[in-house]
Amino acid sequence: MELTVNDLSVSIGNHAIVQDVALKVTNKQFVGLIGPNGCGKSTLLKSIYKIIKPAHGEVFLSGLDVLRSSPKVVSKQLGVVGQFNELSFDFTAAEMVMMGRTPHKGLLEADHAKDHEIVREALRKVNLESYAGRSYNSLSGGEKQRVILARALAQQPQFMILDEPTNHLDIKYQLQILQIVKQLNIGLLAALHDLTLAAKYCDYLYVMKKGQVYASGKPEEVLSKELIREVFEVECEIYRNPVTQDLGIAYFHM
Amino acid sequence: MHVPSSQQGSKLAALIHSKAGFYSFVFLLLILALFSIGVSVSLGQVDIPLGQTYRILLYKITGFIIGDPSGVVSGSYTDIIWSIRFPRVLLALLVGAGLSLCGMVMQATVQNPLADPYILGISSGASLGATFAILVGFGAVGMFAQYSLAFGAFIGAFGASLLVLTLAGLGGKMTSVKLVLSGMVINALCLAFSNFIVYFANNAEGIRTVTFWTMGSLATATWSKLPLISIIVVLAILFFLIQTRILNTMLVGDEAAVTLGINLSSFRKFYLLATALITGVIVASCGMIGFVGLIIPHIVRGMVGSDHRRLLPITVLIGAIFLVWTDVLARTIVPSVELPIGIITAMIGAPLFMYMLVKKGYSFGGK
């Protein structure tokens with residue numbers, strides 16, 4: 001499943017947050033979206049998954065016109081792991097994950113054995129199998145994030161959008177979450193903070209600055225010390241990590 | 001702001017979470033409801049033996065007589081039960097179920113466990129609408145009076161809901177504090193106006209006392225009052241039974257709901273209309289009975305969790321039973337005096353409200 005975004009602009013009030021962004025995620029690619037705070041990453045993602053109405057532009061998920069389709073139709077194809085996941089009411093982890101089945105359910109349809117199996121499997125994938133009966137609000141930030149990922153997994157989407165999915169997570173679960181989504185073998189678009197992790201897991205990167213796509217390309221092509229200076233205003237040196245052979249970034253004091 | 005759940009590690013909760021356990025619990029509550037109806041109908045100025053009560057009810061409902069027909073088919077007991085006490089207990093069941101349902105739906109709609117028709121001033125909006133309907137007299141007489149009263153109450157309730165939500169939503173996110181304060185303001189405002197009307201229309205035909213409107217009473221229950229409220233409450237319960245998935249996604253917030261395929265804003269408007277309708281019809285028939293919609297869903301969430309597929313049926317049942325017993329208390333706690341039922345519900349509800357406000361984990365000033 002391919003995601004195509006054309007000419008997308010979002011304004012809040014008179015302020016243009018996202019300007020004429022075009023991007024493409026081809027089949028089963030893991031595409032990262034990087035950029036400094038306030039560059040419009042979240043706004044861009046939210047307008048793709050229909051929370052914010054863009055001023056103009058189009059979003060296609062293969063043949064599906066996302067902006068003109070109902071949320072129900074879109075949610076059968078597109079799973080989302082958003083940023084803000086606090087609740088005023090409490091659910092068990094299993095109940096939260098079961099909500100991922102909502103798009104596939106009629107109003108009166110009960111949860112079948114298959115749905116319970118999907119929920120168990122989703123919880124197992126994020127290593128929270130034994131947490132099924134735990135109350136969501138009692139979980140740590142990282143555990144909550146993994147429950148939300150499990151909910152998106154239970155949606156069985158063909159494409160997934162993640163907005164800083166590794167926030168709040170310690171390094172083990174950062175690696176684990178990126179590993180899990182990469183292994184799903186579906187198209188992925190993720191806003192990421194950590195540039196080395198983005199370089200390690202993403203097939204392609206879009207770099208945003210002030211609401212526009214500043215650069216794009218394969219991680220090793222696009223991540224240069226000039227770009228990081230321009231976009232993040234930080235001096236650094238790019239190197240090959242001698243142990244992992246991954247791309248490494250050494251930041252200098254300002 | 002969190003509602004801590006007691007489900008974790010609780011054996012009762014684990015039991016209710018299983019299918020068989022849930023249905024047994026519902027069955028148990030139905031038995032309890034039948035028992036409560038019997039006791040409530042037996043108690044009063046004249047105490048009627050419980051066995052006799054059930055025999056009379058059985059005869060009246062099914063035409064079936066057990067044992068001695070004398071004193072069952074007719075007689076003073078039969079009259080008391082059938083024309084006075086039984087309609088009253090039915091009204092109590094409907095009002096309890098309706099108010100609890102209203103509270104539960106409103107809490108989901110505004111994503112705040114403090115929502116309740118009384119606290120948010122919706123009930124006083126309804127009572128203003130009802131008193132206004134009587135004052136201007138588009139009630140005419142007879143059957144129409146009841147419907148115009150309910151219609152006026154519905155308009156008042158709806159207006160109050162819109163005002164409260166607009167006021168609470170001003171300047172961004174709707175916080176608990178803003179919601180409760182807006183409710184307080186609207187409550188005070190509507191109450192002042194409806195008391196004003198009641199006070200000056202003192203002699204007008206059909207207008208009831210301030211006590212009735214502000215503290216509620218089931219004493220005016222008659223058979224002719226029941227059809228409207230039963231239709232509305234029963235239809236509302238059936239309607240929301242098929243909305244449980246949507247109610248669930250409401251609790252996880254607007255953004256998450258959209259990503260799960262549900263656009264909440266249209267549902268939210270419709271639910272507000274529905275809760276205004278239920279509140280209006282209830283207030284028109286028995287005045288303002290406070291806190292029921294706050295207490296019952298809160299307690300039931302502690303027992304069965306937030307999933308509306310379990311929460312709704314249990315809330316409705318326990319709400320109905322709760323109001324039957326508060327009515328029994330109102331009638332019997334002081335000998336030969338009948339207290340307004342709203343006093344009892346407020347005595348139970350207000351401390352719970354206080355507890356919910358100060359409880360740990362309730363970021364009262366925050367979010």
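What you see is a predicted model, and the numbers here were worked out from it, not measured in a lab. Excluded from the calculations below are hydrogen atoms, water molecules and symmetry mates; all remaining heavy atoms, backbone and side chain alike, are included. Order of the sequence lines fixes the chain letters, A, B, ..., with proteins taken first and strands second; residue numbering starts at 1 for each chain.
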B:R268 meets the salt bridge (Lys or Arg N to Asp or Glu O under 4.0 Å) criterion, sequence neighbours left out, with B:D254
Please set out all donor-acceptor pairs under 3.5 angstrom arising from side-chain atoms of residues 57-64 of chain A, sequence neighbours excluded.
residue, atom, partner, partner atom, Å
A:E58, OE2, A:N6, ND2, 3.4
A:S62, OG, A:E2, N, 3.1

request  = Test side chain to side chain contact (heavy atoms under 4.5 Å, CB included) on A:M160 and A:L153 and set out the steps.
outcome  = CA-CA 9 Å; A:M160 206 185 271; A:L153 295 178; 3.8 Å; yes
Applying salt bridge (Lys or Arg N to Asp or Glu O under 4.0 Å) to A:R146 and not counting sequence neighbours gives none
Residue from B:I262, B:N263, B:N248, B:T249 scoring the most non-hydrogen pairs under 4.5 Å with chain A is B:N248
So, the part of A:A152 with a heavy atom under 4.5 Å from chain B: the answer is neither
- [ ] Would you please indicate yes or no on a ring centroid separation below 6.0 angstrom for B:F291 and B:Y118?
- [x] yes
Polar contact flag, side-chain donor to acceptor under 3.5 angstrom, A:Q158-A:Q77 | no
Have A:E143 and A:Y173 got a donor and an acceptor in their side chains that come within less than 3.5 Å? no
Residues of residues 33-53 of chain A with a heavy atom under 4.5 Å from any heavy atom of chain B, in residue-number order, are A:K46, A:Y49, A:K50, A:I51
Whatever's closer than 4.5 Å to a heavy atom in chain B on A:L78 counts as backbone
